[in-house]
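First the structure, in the form of structure tokens, and then the observations on it.
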There are 2 protein chains.
Amino acid sequence: MVQKRVNIRDVAARAGVSVGTVSRVINRKPVSAETLALVNRAMREIGFTPSAVARSMRTRSTLAVGFVINDISNMLFATVAKAAEKVLQEQSYSLLIANTDNDPGRERLIIESLIQRRVDGLMIAVTDETDEETRSLLRSVDFPVTLLDRQMDGPFDSVCDDHAPGMRKAIRYLFDLGHRDIGLITGADNVRPGRERARGFREAFAEQGLDVPERWLRQGRLDALYGYAQAFEILSASPRPTALVAGGNQIFAGVLRAIRRLGLVLPRDLSIISCDDVDLTVLTDPPVTVISRNLDEVGRVAAEILLRRIRGNEAGERYCHVVPTELILRESCAQVR
Amino acid sequence: MVQKRVNIRDVAARAGVSVGTVSRVINRKPVSAETLALVNRAMREIGFTPSAVARSMRTRSTLAVGFVINDISNMLFATVAKAAEKVLQEQSYSLLIANTDNDPGRERLIIESLIQRRVDGLMIAVTDETDEETRSLLRSVDFPVTLLDRQMDGPFDSVCDDHAPGMRKAIRYLFDLGHRDIGLITGADNVRPGRERARGFREAFAEQGLDVPERWLRQGRLDALYGYAQAFEILSASPRPTALVAGGNQIFAGVLRAIRRLGLVLPRDLSIISCDDVDLTVLTDPPVTVISRNLDEVGRVAAEILLRRIRGNEAGERYCHVVPTELILRESCAQVR
DNA sequence: CTGTTAGCGCCTTCAC
DNA sequence: GTGAAGGCGCTAACAG
């Protein structure tokens, strides 16, 4: 593997031109037709591939942006990454995807590694918005950073989802069906989706002049295990709420498990609403009403914002793009008897 | 952003030592305690971060490996990537994940970009094993390549799943329940999982001296749309098979959709087996019998093999690690009346 | 349009 | 244990 790699100089020698000319060919700068042919042939013959490493060294641009995600197993990630990659690839940028697994320590290591690799920009869904170490690390970087559905103090752009209004719509819908005893299981306040969903939940009750059913509002983590544990507890209570909102797609998987375990029949015994439209919500029986959002837009816009910053080199106003949510009605909610 | 970055020389000046000494500190080579302290302080004070680009240039190693996947939306990918990343991160390698979306053209561009970036190794689930362009591209690289559940002629290691034996077990199980009219929907022959599953299917019938129900063996793509279309067609037939195997986790989502659409009740009207254990198979009603495999092992072993090659620089025997499959019995299959 | 040359930031000899 | 110098492969001036 450590064999001598052919370089621009070898090509130049072979083609009988100077290295500058070869460089021009590589970078599609104006070159006479015949030298172009000459150089191209030489490159092919000796199997030359320009080194992005050397180029980056010279140009101080890696044409790479980092994508740091706190949980790669969440299938929603794929949609966002795909959309972002599409935009970036068109501009010949590559995506360096890394997964922190909700571990702030790993998150820091990953960010540091990305800094050393001299990425041109960074998209990140931080594990914990209140983590001071991560925050100061991100503030110290000299490339643009776009937060993915996160809010942090600092010179960061962000693309966020409209969780609170979405949740309000969902709760109002349940109100309309006569529900008052409603539960919500979602993430903690240190991460935007959990915080905003809880806020929307509270606001919906406040709007109606109703007390928030605090004992059925559970904020902890966004994973399935948490969803299962909390749902099991809530639904084992007596009386239990007449409706339950799963504040996260993975939480929903846990909630569903608890429902099966307890032998509850939807929507007769319980009305359910989930967040984000995934196979499970459509294919379970009955299909589940969800608060949906356009994840594709999140990835696309995040990439676009980042590119604009990288290109424009602007230090201007921070962008904060908000992606709307939509309530998709299906058959998991029933009128209260 | 193009501000002057501090470099090793600035640190050296600040610390009153030579650049060589700073380099030694960075690379944890023996240095006297006091210079160490001196240099470390200088680095901190002027905010120095070593450039991986420059280092790669010099050492001809990027400490990066590519991970090219044909469909990032397949949630199974996450498990593999996570396991691989874990192994690699421990050795301070980074993963460059890229998605081809089953587009051979993009695949080529991605591989070329990875070559230019001078990755130290590559893990790849190619879109089409018979694609000559991709194959010759991969043969031409000067770093080790590990195939993920793929087979191709060439100097490639691979980690494969035991699909055919798994499928045989599944079919035999259905035989035991009295089924003879069994369908299978899976990927085409140009990609290992589809090919092997179909092979296992055929072998199972051959073992029993039975004719293979060719009209119910559908090989096309591994996505949900294909699964839906084929399942709908198969299950609309009259008579329809008494059992159907979804040869892929995404195909299963499509199959389930068709089942719902046709109003079939499992397992009364139809017995079902799927591949790979995901939320959907566990949480649907009834829970579905699956051919399962350890995806974590796939990622882990693939990364280990790659590291060994990179480290060892060996040109020896090709590895071909086979990961076993297991039939997990649940309630989606019934005795034929 | 083309050749020449000076680094980009770092590591690695080789002296000391 | 430390300093000095050369070069990894490329691009960006600057001359011609």
Side-chain angles (χ1 to χ4, degrees), chain A residues 1-40 42-43 46-64 92 113 115-120 142, chain B residues 1-40 42-43 46-64 92 113 115-120 142:
Chain A
M1 318 289 158
V2 189
Q3 63 190 275
K4 170 139 183 37
R5 265 208 141 281
V6 297
N7 61 27
I8 205 175
R9 211 149 27 220
D10 301 322
V11 177
R14 174 105 190 184
V17 298
S18 74
V19 294
T21 302
V22 177
S23 173
R24 260 163 242 137
V25 170
I26 295 171
N27 294 290
R28 306 183 186 298
K29 301 230 171 106
V31 157
S32 82
E34 58 178 336
T35 37
L36 178 66
L38 220 54
V39 172
N40 273 329
M43 294 203 297
I46 62 180
F48 168 78
T49 325
S51 159
V53 176
R55 178 196 310 225
S56 295
M57 175 112 191
R58 201 37 245 245
T59 62
R60 321 176 114 268
S61 150
T62 51
L63 293 181
S92 49
S113 139
I115 294 175
Q116 297 194 178
R117 286 184 189 283
R118 301 291 191 259
V119 291
D120 292 341
D142 58 359
Chain B
M1 318 287 160
V2 190
Q3 63 190 272
K4 168 131 185 43
R5 264 206 143 282
V6 297
N7 61 27
I8 205 176
R9 210 149 31 221
D10 301 322
V11 178
R14 174 103 190 186
V17 299
S18 74
V19 295
T21 303
V22 178
S23 172
R24 261 164 245 139
V25 171
I26 295 172
N27 296 290
R28 308 183 184 298
K29 300 228 171 110
V31 157
S32 81
E34 59 177 334
T35 37
L36 178 65
L38 220 54
V39 171
N40 274 330
M43 295 203 296
I46 63 180
F48 167 79
T49 326
S51 159
V53 177
R55 186 205 311 255
S56 298
M57 175 111 190
R58 203 33 248 249
T59 62
R60 322 175 117 269
S61 150
T62 51
L63 292 182
S92 50
S113 139
I115 294 175
Q116 297 194 178
R117 286 184 188 283
R118 300 290 190 260
V119 291
D120 293 341
D142 58 359

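Reminder, nothing fancy here: chain letters follow the sequence lines and each chain counts from 1. Keep in mind that what you see is a predicted model, and the values were worked out from it rather than measured.
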Heavy-atom check, side chain of V22(A) versus side chain of V17(A), under 4.5 Å
yes
Heavy atom of residues 32-40 of chain A under 4.0 Å from DNA chain C: which residues?
S32(A), T35(A)
Is there a side-chain polar atom (N or O) of T21(B) under 4.0 Å from OP1 or OP2 of dG3(D)?
yes
Using side chain to side chain contact (heavy atoms under 4.5 Å, CB included), reason through V6(B) and V11(B) one step at a time and then give a plain yes or no.
CA-CA 8 Å; V6(B) 297; V11(B) 178; 5.7 Å; no
d(CD1, I46(A); C1', dG9(D)) in whole Å:
13 Å
By salt bridge (Lys or Arg N to Asp or Glu O under 4.0 Å) - contacts of R14(B) (at least two apart):
E45(B)
Which residues satisfy the side chain to side chain donor-acceptor pair (under 3.5 Å) test with T59(B), sequence neighbours excluded?
none
List in chain and number order the residues that pass side chain to side chain donor-acceptor pair (under 3.5 Å) with R55(B), two or more places apart in sequence or in another chain; answer none if no residue qualifies.
N27(B)
Sequence neighbours left out, what passes side chain to side chain contact (heavy atoms under 4.5 Å, CB included) with V25(B)? Give chain and number order.
V31(B), L36(B), V39(B), N40(B), M43(B)
For a quick test of your reading: what N or O donor-acceptor pairs under 3.5 Å do the side chains of residues 47-54 of chain B make, sequence neighbours left out?
residue	atom	partner	partner atom	Å
S51(B)	OG	V53(B)	N	3.2
S51(B)	OG	A54(B)	N	3.0

Quick check on the helix from dC1(C)-dG16(D) to dC16(C)-dG1(D): what's the angle between its two end axes, five base pairs per end, to the nearest 10°?
30°
Once side chain to side chain donor-acceptor pair (under 3.5 Å) is applied, do any residues pair with T62(B), and if so which ones, sequence neighbours excluded?
D120(B)
What string of B, S and - do you get for nucleotides 10-16 of chain C 5' to 3' if you count protein non-hydrogen atoms under 4.0 Å?
BBB----
Distance check needed: dC10(D) C1' versus R5(A) CZ, whole Å only.
14 Å
Salt bridge (Lys or Arg N to Asp or Glu O under 4.0 Å) contacts in which one or both residues fall within residues 28-38 of chain A, not counting sequence neighbours
none
Would you indicate what V53(A) reaches in the nucleic acid, counting non-hydrogen atoms under 4.0 angstrom: base, sugar-phosphate, or nothing?
nothing
Nearest heavy-atom neighbours spanning A15(B) and A42(B):
CB-CB, 3.8 Å
I need the CZ-C1' distance between R60(A) and dA12(D), as an integer number of Å.
13 Å
Mind checking what makes side chain to side chain donor-acceptor pair (under 3.5 Å) contact with T21(A), not counting sequence neighbours?
S18(A)
